[in-house]
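Everything below concerns the one structure shown next.
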Amino acid sequence: MEGDAVQVAPDVYKVLFENDRVRLLEARLRPGDTTAMHHHGANLVYSLADGEVTFTSASGAPMK
């Protein structure tokens, strides 16, 4: 898998909090924005606004 989300797309991802057990990221994307392939590890997504995101796996398969 590619690099860490914050390293790959620092214009999109910002670390809000991090310790040895938890890492909280803020992600800000506009409609049509994309980022390079990256990883998050185990994660939970909490959206603050309506929208739809398509994730693409390493094999190229899209997931909404």
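The structure displayed is predicted, hence computed values, not measured ones. When reading the values below, keep in mind they use all heavy atoms of this one structure, side chains included, and skip hydrogens, waters and symmetry mates.
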Quiz item: Can you list the residues that meet the side chain to side chain donor-acceptor pair (under 3.5 Å) rule with Gln7, with sequence neighbours excluded?
Solution: none
Practice problem: Output all residues satisfying side chain to side chain donor-acceptor pair (under 3.5 Å) with Thr56, sequence neighbours left out; order by chain, then residue number. | Solution: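 Applying side chain to side chain donor-acceptor pair (under 3.5 Å) to Thr56 gives none.
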Quiz item: Which residues satisfy the side-chain contact (heavy atoms from CB on, under 4.5 Å) test with Asp50, sequence neighbours excluded?
Solution: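 For Asp50, no residue satisfies side-chain contact (heavy atoms from CB on, under 4.5 Å) once neighbours in sequence are set aside.
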Quiz item: How many angstroms lie between CG in Asp4 and NE2 in His39, if you round to the nearest 0.5 Å?
Solution: 5.5 Å
Quiz item: How far does CD of Glu26 sit from CG of Leu16, to the nearest 0.5 angstrom?
Solution: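 Taking CD in Glu26 and CG in Leu16, the distance rounds to 5.0 Å.
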Self-check item: Which atom of Ala5 lies closest to which atom of His40, heavy atoms considered
Solution: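 Here Ala5 and His40 meet closest at CB-CE1, 3.4 Å.
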Quiz item: Looking at Ser59 and Ser57, what are the two nearest heavy atoms and their distance?
Solution: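 Where Ser59 meets Ser57 most closely, the heavy atoms are OG-OG, 2.9 Å.
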Quiz item: When clusters are formed from ILVMFWY side-chain contacts under 4.5 Å, directly or step by step, what else is grouped with Val53?
Solution: Phe55, Met63
Exercise. Hydrophobic side-chain clustering at under 4.5 Å (ILVMFWY, transitive links): who's grouped with Val6? Put none if nobody.
Key: Val12, Tyr13, Val15, Leu25, Leu29
Quiz item: Tell me, which pairs form a salt bridge (charged side-chain N to carboxylate O under 4.0 Å, His left out) where one or both residues lie in residues 30-47, sequence neighbours left out?
Solution: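 Passing the test, one end in residues 30-47: no pairs.
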